[in-house]
Amino acid sequence: MALKHYKMRWPDHAVPAGEPTWLFYEVDFQTEDVLRLVELFEDGSSQRNSLDLENQKGPTIKSLVPIRFRESIADHSYQLISAEIFDELYADAVDRAD
C-alpha cells in the first residue's frame with residue numbers, strides 16, 4: 001500500500017459556518033481510497049474519521065470520499081505532507097460524531 005498524505009484548505013474562499021478550514025487526507029495512492037481524514041476548524045478544534053470508525057457504524061465502505069481522490073481534488077490547491085505530521089494531527093483530533 002502506497003500511502004500519501006495531503007493538506008487542503010476549504011475549497012471556497014469563505015468557509016461556511018460549521019465547516020472545517022483545513023482538510024487532511026491519508027490516501028492509498030494505488031486505489032485512491034481515503035483511509036483516514038482530519039478536519040481542522042477555525043477555533044482550533046479538530047475531528048477525525050477513518051474507515052475503521054465508519055465501518056463500525058454500518059455497511060462496509062472502501063473510501064471516505066465517494067469518488068476517486070484525484071478527481072475530488074482536481075480543481076483545488078493542495079500540498080503533500082509527511083506521514084508524521086498527519087499522524088500527529090490524527091492523534092490530537094477527536095472522533096467525528098455523526
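All of these numbers come straight from a predicted model, not from anything done at the bench.
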Taking salt bridge (charged side-chain N to carboxylate O under 4.0 Å, His left out) as the test, write out the residues that go with Glu39, two or more places apart.
Arg96

The side-chain contact (heavy atoms from CB on, under 4.5 Å) partners of Ser50 (sequence neighbours excluded) come to Arg36, Asp52, Leu53, Tyr90

Please enumerate all residues that pass side-chain contact (heavy atoms from CB on, under 4.5 Å) together with Asn55, with sequence neighbours excluded.
Leu51, Thr60, Ile61

Side chains of residues 4-18: which donor-acceptor pairs under 3.5 Å do they make with residues two or more places apart or in other chains?
residue, atom, partner, partner atom, Å
His5, NE2, Glu26, OE2, 3.0

Give a yes or no on whether Glu88 atom CD has more than 12 heavy-atom contacts from other residues, nucleotides or ligands under 6.0 Å away.
no

With rounding to the nearest 0.5 Å, note down the distance linking OH in Tyr78 to CG in Leu23.
14.5 Å

If you count the non-hydrogen atoms of other residues, nucleotides and ligands that lie under 6.0 Å from CD in Glu42, is the total more than 12?
no

Could you tell me which residues satisfy salt bridge (charged side-chain N to carboxylate O under 4.0 Å, His left out) with Asp28, sequence neighbours excluded, listed by chain and number?
none

Taking the side chain as C-beta and beyond, is there a heavy-atom pair between Leu37 and Arg48 under 4.5 Å?
no

Of the non-hydrogen atoms in Val38 and Ala93, which two are nearest, and what is the gap between them?
CG1-CB, 4.3 Å

Pairwise ring pair (Phe, Tyr, Trp, His ring centres under 6.0 Å) hits with a residue in residues 15-61, at least two apart:
Tyr25-Phe69

In terms of side-chain heavy atoms, does Glu54 have a donor or acceptor partner in Asn49 at a distance below 3.5 Å?
yes

Minimal heavy-atom distance between Ser45 and Asp43, with the atoms involved, is OG-OD1, 2.7 Å

With a 4.5 Å cut-off on side-chain heavy-atom distances among I, L, V, M, F, W and Y, is there a chain of contacts connecting Val34 to Leu80?
yes

4.5 Å side-chain heavy-atom contact, Leu40 and Pro20:
no

Partners of Ser82 by side-chain contact (heavy atoms from CB on, under 4.5 Å), sequence neighbours excluded?
Glu84, Ile85

In terms of hydrophobic clustering (I, L, V, M, F, W, Y; side-chain heavy atoms under 4.5 Å; direct or indirect links), are Leu64 and Leu3 co-clustered?
yes

